[in-house]
Amino acid sequence: MEPFAFIRATNPAQAIKAGAAASTAQQGAEVRFVAGGTTLIDLMKLDVETPSRVVDINHLPLAKVERTSDGGLKIGALVRNSDLANHTDVQRDYAVLSQALLAGASGQLRNMATTSGNLLQRTRCVYFRDTATPCNKREPGSGCSAIDGYNRTMAVLGTSEHCIASNPSDMNVALTALEATTVILGTKGERKVPIGEFYLLPGDTPQRETVMQPGDLITHILLPPPHHGARSHYLKLRDRASYEFALASAAVVLASDGGTIRYARVALGGVGTKPWRSPGAEQALAGKPANRTTFASAAEAALRDAKPQSQNGFKIELAKRCLISALTTVATA
């Protein structure tokens, strides 16, 4: 691990000033915020992240879950994953989020990991984490080792010739299905970014994963009021039952009247370069009977544009079955 300066911020303005004081280097930002540190510290030990300054934000007043005036939910950036998963309002009104959080990591990690840290969680691609191998996400222009190498766990949606790394988060798949909004405080003030616009496709610039700029600090997440009569569910398929990343996952929110679907939101995990919202699947569900035929059509629509690599073609069928099962579960609940 490279030497670094450690600063403890006592208010958001101080954190933002420290974060904006340096530009972005090839191997990670010069300044990094640390909360739970469950990803950042690992990457620093591996020399993937080499910040010269680490700003501790744990003392900022951003650790509350509160109801908003419109009946939605405001989730502070520093709310720990365990607290959020077990919050009464989340379990009652946003079950898919609670389920996704509890499907991730381990109990010990969930006790440390934060909402904002999870939003910014970086890929688990083995080449990204190995500085001895080329990786465009870590070192732009060096190449993507996964394309011709080990790619069983890589993405099949949203890939480019420069990067096929999958997004590892469970929480963010649920937030995508719930149409969350990320609230960011930066040098130019506050801005609200819908989660569908927060993540960037790799394209020609895989090193840029989100819309975050130097000095930007996520302060909280906003969830809209729960849709009337909707049920939600998160299903995660993986190589082992615990402490493992998804090969495919599905977050679904569904409401129906008399067996006809009137509202549907679908997001997939494990298969996309970012948490993958599927408007095609949602269109295939809207106004249709809530049955297996409809669900199968939605699954086909969701994976229609998938581009498998040499080892991960199985993910396409796995993701379809995952989505069909999640939709069946929520429709029969």
Side-chain angles (χ1 to χ4, degrees), residues 67-75 84-85 87-103 157 170-182 192-199 221-237 248-272 274-306 319-333:
R67 278 291 180 185
T68 57
S69 58
D70 64 354
L73 212 61
K74 177 181 178 181
I75 303 167
L84 185 58
H87 193 279
T88 302
D89 289 348
V90 174
Q91 291 181 328
R92 182 184 64 240
D93 297 330
Y94 307 97
V96 65
L97 177 56
S98 177
Q99 293 163 3
L101 286 163
L102 293 174
L157 291 167
D170 294 295
M171 181 191 84
N172 299 336
V173 181
L175 290 178
T176 298
L178 292 170
E179 299 180 291
T181 297
T182 305
K192 297 179 179 179
V193 181
I195 196 164
E197 300 172 14
F198 181 76
Y199 295 99
I221 293 292
L222 294 173
L223 295 182
H227 192 86
H228 177 69
R231 297 185 179 92
S232 64
H233 185 65
Y234 184 75
L235 177 62
K236 178 178 182 179
L237 304 181
S249 67
V252 298
V253 184
L254 208 67
S256 58
D257 286 325
T260 299
I261 300 168
R262 60 176 172 83
Y263 178 88
R265 293 293 182 268
V266 172
L268 301 175
V271 293
K274 65 177 186 176
W276 200 261
R277 174 88 177 268
S278 181
E282 295 168 3
Q283 291 169 10
L285 292 166
K288 304 293 175 51
N291 58 34
R292 187 174 180 83
T293 300
T294 298
F295 301 158
S297 295
E300 290 294 329
L303 277 298
R304 184 171 294 135
D305 296 326
K320 290 177 184 179
R321 296 187 185 196
C322 182
L323 179 54
I324 291 170
S325 182
L327 288 167
T328 302
T329 297
V330 79
T332 57

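Source: prediction; values computed, not measured. Just so you know, these numbers use all the heavy atoms, side chains as well, and skip hydrogens, waters and symmetry mates.
Atom-to-atom distance recorded for Ser325:OG and Arg292:CZ is 8.5 Å, nearest 0.5 angstrom. The OG1 atom of Thr176 lies 11.0 Å from the CH2 atom of Trp276; values are rounded to the nearest 0.5 Å. Going from atom CG of Leu268 over to atom NZ of Lys274 covers 12.5 Å, rounded to the nearest 0.5 Å.
Side-chain contact between Leu97 and Met171 is present, with at least one heavy-atom pair separated by less than 4.5 Å. Using a 4.5 Å cut-off on side-chain heavy atoms (C-beta onward), Thr182 and Ile221 make contact. At a threshold of 4.5 Å between non-hydrogen side-chain atoms, the residues Leu235 and Thr329 do not count as touching. Side-chain contact between Lys74 and Leu222 is present, with at least one heavy-atom pair separated by less than 4.5 Å. Looking at heavy atoms from C-beta onward, Leu157 lies in side-chain contact with Leu303 at the 4.5 angstrom threshold. Proximity of Leu327 to Leu285: side-chain heavy atoms (C-beta onward) are separated by under 4.5 Å at one or more points. Put simply, the side chain of Tyr199 reaches to within 4.5 Å of the side chain of Asn172, judged on heavy atoms. Looking only at side-chain heavy atoms (C-beta outward), Leu254 and Arg231 stay at 4.5 Å or farther from each other.
Considering every non-hydrogen atom in both Val266 and Leu323, the closest pair reads CG1-CD1, 3.7 Å. Pairing each heavy atom of Gly71 with each of Pro226, the nearest pair is O-CD, 3.8 Å. Nearest heavy atoms, Arg67 versus Arg92: NH2-NH2, 3.3 Å. Closest non-hydrogen pair, Ala85 versus Ser98, comes out as O-OG, 2.6 Å. Residues Cys322 and Ala248 come closest through the heavy atom pair SG-O, 4.0 Å. Taking each heavy atom of Ser249 and Gly270 in turn, the nearest pair found is OG-N, 4.3 Å.
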After noting the C-alpha distance and the side-chain angles of Asp89 and Leu73, does the key distance pass the side chain to side chain contact (heavy atoms under 4.5 Å, CB included) rule? CA-CA 8 Å; Asp89 289 348; Leu73 212 61; 4.2 Å; yes
Please step through side chain to side chain contact (heavy atoms under 4.5 Å, CB included) for the pair Val253 and Leu178, ending with a clear verdict. CA-CA 7 Å; Val253 184; Leu178 292 170; 4.1 Å; yes
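Within 6.0 Å of atom CZ in Arg321, 12 or fewer heavy atoms from other residues, nucleotides or ligands are found, so the atom counts as exposed in its surroundings.
For the salt bridge (Lys or Arg N to Asp or Glu O under 4.0 Å) with Glu282, the lone residue among Lys288, Arg277, Arg262 that qualifies is Arg277.
In this structure, a donor-acceptor pair under 3.5 Å is absent between the side chains of Thr260 and Asp257. Donor-acceptor pairing under 3.5 Å is lacking for the side chains of Ser232 and Tyr94.
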